[in-house]
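Residue numbers start from 1 in every chain, and the chains themselves are labelled A, B, ... in the order their sequence lines are given, proteins ahead of strands. Both backbone and side-chain heavy atoms feed into the values below; hydrogens, waters and symmetry mates do not.
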Number of protein chains: 2
Amino acid sequence: MAQRRELMTGSTASLLLCLIGYQPMYGYQIIKELERRSQGYFRFKEGTLYPALHRLERAGLIQGKWQVMPSGQQRKYYHLTEKGLSILVEKRSQWQDFLTAMNLIIQPAST
Amino acid sequence: MAQRRELMTGSTASLLLCLIGYQPMYGYQIIKELERRSQGYFRFKEGTLYPALHRLERAGLIQGKWQVMPSGQQRKYYHLTEKGLSILVEKRSQWQDFLTAMNLIIQPAST
DNA sequence: TAATAATACCTAGTCTCTCTATGTATAATA
DNA sequence: TATTATACATAGAGAGACTAGGTATTATTA
């Protein structure tokens with residue numbers, strides 16, 4: 001919550017790839033979904049999300065497509081590319097490694 | 001390892017407070033201890049560690065004291081301040097919250 | 001109906017943090 | 001004697017999160 005900013009760097013890309021991996025999503029939806037699924041913990045700012053999405057797209061991990069709603073509203077849906085999927089798999093295992101290492105320090109069993 | 005840089009931001013302060021909380025330590029020792037305890041995962045660069053220690057000291061969370069070894073070598077031992085201890089407690093619980101939220105996204109149980 | 005809130009996208013500039021590269025100095029080892 | 005390990009330090013580059021601002025449409029509410 002308050003202190004989240006610090007732990008955020010580096011987790012952002014994983015979170016976005018993960019969500020978009022479930023199903024194609026648009027930016028605003030991602031913000032809401034992240035908040036819902038994390039039970040209110042993640043509250044991405046637009047100034048964080050949109051640049052992050054653009055970075056992922058430039059890197060070829062996701063691809064965005066504009067869609068016009070019946071109402072006339074425009075949304076940019078992002079879906080995972082093949083490369084994005086393989087990076088997602090990689091990032092999941094990196095998260096596990098990081099988690100393991102952190103717990104060795106943060107929750108000490110002994111000396 | 002390779003990708004650690006990303007996940008690192010924000011965990012550094014917690015790791016340092018944690019280690020120094022176990023016992024007063026000096027910089028070089030912290031690098032070695034972090035690597036040992038994390039079974040090789042954490043390999044802090046000096047350019048990361050020393051500025052981080054200085055930040056923590058400026059913030060009043062740790063305090064450094066020069067000590068001269070019998071050999072003549074100088075080491076700067078850091079110990080936790082009271083404020084540092086309370087922040088450490090806080091950071092431990094923040095880590096738990098972050099971990100919980102991440103796992104809700106990264107390891108989905110359902111929709 | 002008018003005002004407000006929610007939806008939906010965007011970015012320039014600031015701030016903070018990690019890392020590279022570099023410097024200094026001593027002790028231990030080959 | 002030369003090299004490696006120990007021990008500290010910082011300037012500058014690069015990356016990413018956030019603030020603060022902008023545009024536009026739709027839905028709600030007073």
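- Following rounding to the nearest Å, I30(B) (CD1) and dA9(D) (P) show an atom-to-atom distance of 11 Å.
- When the local axes at the two ends of the helix from dT1(C)-dA30(D) to dA30(C)-dT1(D) are compared, using 5 base pairs at each end, they differ in direction by 20° after rounding to 10°.
- Mapped onto DNA chain C by nearest heavy atom, L53(A) and Q73(A) fall at different nucleotides, with Q73(A) at the one closer to the 5' end.
- In this structure, the CD1 atom of I31(B) is 13 Å from the P atom of dT18(C), given to the nearest Å.
- When I20(B), I62(B), L80(B) are each tested for a side chain to side chain contact (heavy atoms under 4.5 Å, CB included) with L88(B), only one passes: L80(B).
- In terms of phosphate contacts, T48(B) brings no side-chain nitrogen or oxygen within less than 4.0 Å of OP1 or OP2 of dC17(C).
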message: One pair to check against side chain to side chain contact (heavy atoms under 4.5 Å, CB included): C18(A) and R92(A). What are the steps and the verdict?
response: CA-CA 9 Å; C18(A) 219; R92(A) 271 194 224 268; 3.6 Å; yes
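- No side-chain donor-acceptor contact under 3.5 Å links E35(A) to the backbone of K32(A).
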- prompt: Taking it one step at a time, do M102(A) and W95(B) satisfy side chain to side chain contact (heavy atoms under 4.5 Å, CB included)?
  reply: CA-CA 9 Å; M102(A) 278 294 284; W95(B) 165 248; 3.5 Å; yes
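- Among the nucleotides dC10(C), dT10(D), dC9(C), the one closest to any side-chain atom of Y78(A) is dC10(C).
- Distance, E57(A) CD to dC10(C) C1': 14 Å, rounded to whole Å.
- For dT11(C), the OP1/OP2 oxygens have no side-chain nitrogen or oxygen of Y50(A) closer than 4.0 Å.
- Between L49(A) atom CG and dT19(D) atom P the separation is 14 Å, expressed in whole Å.
- Using modelled atom types, no side-chain atom of R75(B) and backbone atom of W66(B) make a donor-acceptor pair closer than 3.5 Å.
- The interatomic distance linking L15(A) (CG) with dG16(D) (P) rounds to 15 Å, in whole Å.
- Contact between the side-chain N/O atoms of R55(A) and the OP1/OP2 oxygens of dT11(C) is not found at any separation under 4.0 Å.
- Rounded to an integer number of Å, the gap from Q74(A) CD to dT26(D) C1' is 14 Å.
- Listed nucleotides dA17(D), dA8(C), dA7(D) differ in distance to E46(B); the shortest reach to its side chain belongs to dA7(D).
- For K76(B), a side-chain nitrogen or oxygen approaches OP1 or OP2 of dA9(D) to under 4.0 Å.
- Protein atom CG of L56(B) is 12 Å distant from nucleotide atom C1' of dC17(C), rounded to whole Å.
- Checking dT11(C), dC10(C), dC8(D) against every side-chain atom of R75(B), the shortest atom distance belongs to dC8(D).
- Residue G27(B) is classed as a sugar-phosphate contact, given heavy-atom separations below 4.0 Å to backbone atoms only.
- In this model, the phosphate group of dT11(C) is approached by a side-chain N or O of H54(A) to a distance below 4.0 Å at OP1 or OP2.
- Once rounded to the nearest 0.5 Å, the distance linking OG of S86(A) with NZ of K91(A) reads 11.0 Å.
- Dashed line: the shortest gap from a side-chain N or O of Y26(B) to OP1 or OP2 of dC8(D) is not under 4.0 Å.
- K45(A) places its NZ atom 17 Å from the C1' atom of dC9(C), with the value rounded to the nearest Å.
- The structure places OH of Y50(A) at 5.5 Å from CD1 of I31(A), a figure rounded to the nearest 0.5 Å.
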- request: Take E33(B) and M25(B), measure what side chain to side chain contact (heavy atoms under 4.5 Å, CB included) needs, and give me the verdict at the end.
  value: CA-CA 9 Å; E33(B) 270 296 294; M25(B) 284 194 195; 3.8 Å; yes
